[in-house]
Amino acid sequence: MKLLVCADSHAFLSFVRYAVKKIKPNGIIHLGDLYEDGQVLCEENPMLPFQQVPGNCDANRCPIGAPQILCCGFGGVRFYLTHGHIHDVKRGLGGLLADARKAGVQAALYGHTHRAYCQQEPDGLWVLNPGSCNSYSGSVGLITIEDKIITDCRILTMSDLEELE
C-alpha cells in the first residue's frame, strides 16, 4: 500500500495532483491548511481512502467539530494525524511524540512548519512532516506499508516525482 501525505497546500493543488498521478497511491492524507484543498482531493479521488485534519488557517473553513487530532488506520498501521500547531511543533516535537506514543500508533504525521522531516525514532515510531506542497518546489510524503508494517517512509520533491515511471 502506498499512502500519499500532504500538508500546507494553501490553495495550490497542482503539485499534489501531479504527485497523485505519478505515485498512484492507495490512500491520501491531508494535514491541514487549507481544509477545502483536502475536500477537493477527496472528491477528485473518490475511490481512495482519505483522511484529513484542519490546520491553524482552517478555523472558519472546516465543519464545526472537525477533530484537530485524528488516530486512524491505513493498511493495518495506526497513524496519529495533526496539523501541528496545537503541539507547538515549531518549537519542538516533544509534545507531539509524547501524545503519539500515548495513543499507541506506529507513525505521527504533522505539518505546519513547511519544513519536510522524516525519521524513525529509536523505539520504532515514524515521524513525518511532508513539508509544504503549495508550489512546484514543495514536497509530499510517501509511506509504503506491507503486511501491516511501514516498510518505507520518505519525502518526495518534484525531481523525485519526475523520476518515477
Side-chain angles (χ1 to χ4, degrees), residues 2-13 15-16 19-20 23 25 27-42 48-75 77-145 150 152-158 160:
K2 294 185 287 187
L3 185 57
L4 176 66
V5 183
C6 60
D8 298 289
S9 47
H10 295 282
F12 183 86
L13 289 174
F15 179 68
V16 179
V20 169
I23 294 169
I28 300 174
I29 293 174
H30 189 281
L31 298 169
D33 284 354
L34 293 173
Y35 199 86
E36 297 102 326
D37 295 348
Q39 294 298 290
V40 169
L41 288 172
C42 184
L48 296 180
F50 177 85
Q51 292 289 347
Q52 77 178 104
V53 291
N56 59 297
C57 295
D58 293 322
N60 299 316
R61 299 173 187 268
C62 63
I64 294 171
Q68 298 283 314
I69 296 168
L70 183 63
C71 291
C72 64
F74 281 93
V77 173
R78 297 272 303 148
F79 292 91
Y80 185 94
L81 313 182
T82 185
H83 181 63
H85 61 295
I86 60 176
H87 289 90
D88 202 13
V89 295
K90 287 185 179 180
R91 291 186 157 200
L93 298 180
L96 170 66
L97 297 181
D99 287 352
R101 287 183 174 112
K102 260 191 257 181
V105 299
Q106 287 79 43
L109 311 182
Y110 72 101
H112 189 53
T113 66
H114 292 216
R115 289 189 305 268
Y117 178 83
C118 182
Q119 179 175 313
Q120 188 173 28
E121 294 289 303
D123 64 359
L125 178 69
W126 280 99
V127 184
L128 172 68
N129 180 335
S132 174
C133 62
N134 71 358
S135 72
Y136 283 110
S137 61
S139 57
V140 294
L142 176 62
I143 299 172
T144 305
I145 301 168
I150 296 174
D152 189 40
C153 185
R154 60 180 142 149
I155 305 296
L156 298 175
T157 62
M158 178 59 86
D160 299 317

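None of the values given here were measured: they were computed from a predicted structure. In what follows, every heavy atom counts, from backbone to side chain, and hydrogens, waters and symmetry copies are set aside.
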Check Leu96, Val53, Ile69 against Ile86 for a side chain to side chain contact (heavy atoms under 4.5 Å, CB included) and give me the one that passes.
-> Ile69

Non-hydrogen side-chain atoms of Phe79 and Gln51 separated by less than 4.5 Å = no

Just jot down the side-chain contact (heavy atoms from CB on, under 4.5 Å) partners of Ser137, sequence neighbours excluded, or say none.
-> Ser135

Assign the ring pair Tyr117 / Tyr110 to parallel, tilted or perpendicular, where the plane angle (0 to 90°) is split at 30° and 60°.
-> tilted

According to the interplanar angle, ranging from 0 to 90°, do the rings of Tyr80 and His87 count as parallel (below 30°), tilted (30 to 60°) or perpendicular (above 60°)?
-> perpendicular

OG1-CD1 distance between Thr144 and Ile150, expressed to the nearest 0.5 angstrom | 9.5 Å

Nearest non-hydrogen partners of Leu128 and Gly141, listed with the distance | CD2-CA, 4.2 Å

Would you mind reporting whether Phe15 and Ser9 have side-chain heavy atoms less than 4.5 Å apart?
-> no

Judged by atom type as modelled, is there a donor-acceptor pair below 3.5 Å linking the side chain of Asn129 to the main-chain atoms of Gly111?
-> yes

Taking C-beta and beyond as the side chain, do Asn56 and Asp33 meet within less than 4.5 Å on heavy atoms?
-> yes

Taking His114 for its side chain and Gly131 for its backbone only, find out whether a donor-acceptor pair lies under 3.5 Å.
-> no

For Gly27 and Phe74, work out which heavy atoms get closest and say how close.
-> CA-CE2, 4.3 Å

Pairwise distance CZ(Arg115) to OG(Ser132) - rounded to 0.5 angstrom | 12.0 Å

Only one of Asn134, Asp37, Leu34 passes side chain to side chain contact (heavy atoms under 4.5 Å, CB included) with Leu13, and that residue is Asp37

Taken to the nearest 0.5 Å, the spacing of Gln39 CD from Gln52 CD works out to 4.5 Å

Spatial distance of atom CZ (Arg91) from atom OG1 (Thr113) [nearest 0.5 Å] | 15.0 Å

Is a side-chain N or O of Gln106 found less than 3.5 angstrom from the main chain of Arg78, in a donor-acceptor match?
-> yes

Using 4.0 Å as the upper bound for N to carboxylate O, is an ion pair formed by Arg101 and Asp123?
-> yes

The reported gap from CG in Leu156 to OG in Ser139 (rounded to nearest 0.5 angstrom) is 8.5 Å

Looking only at non-hydrogen atoms, find the nearest pair between Cys42 and Phe50 and report the distance.
-> CB-CD2, 3.7 Å

When the ring centroid of Phe12 is compared with that of Tyr136, is the distance short of 6.0 Å?
-> yes

Which atom pair, heavy atoms only, marks the closest approach of Cys118 to Cys153?
-> SG-O, 3.2 Å

Just wondering, do Leu3 and Pro25 contact through their side chains at under 4.5 Å, heavy atoms?
-> no

Locate the shortest heavy-atom distance separating Asp8 from His112; write the atom from each residue and the value.
-> OD2-N, 2.9 Å

For residues 53-73, which residue pairs qualify under salt bridge (charged side-chain N to carboxylate O under 4.0 Å, His left out), counting only residues two or more places apart or in two chains?
-> Glu36-Arg61

Any chance you could measure Leu31, atom CG, to Leu81, atom CG, to the nearest 0.5 Å?
-> 6.0 Å

Minimal heavy-atom distance between Leu125 and Ala107, with the atoms involved, is CD1-N, 3.7 Å

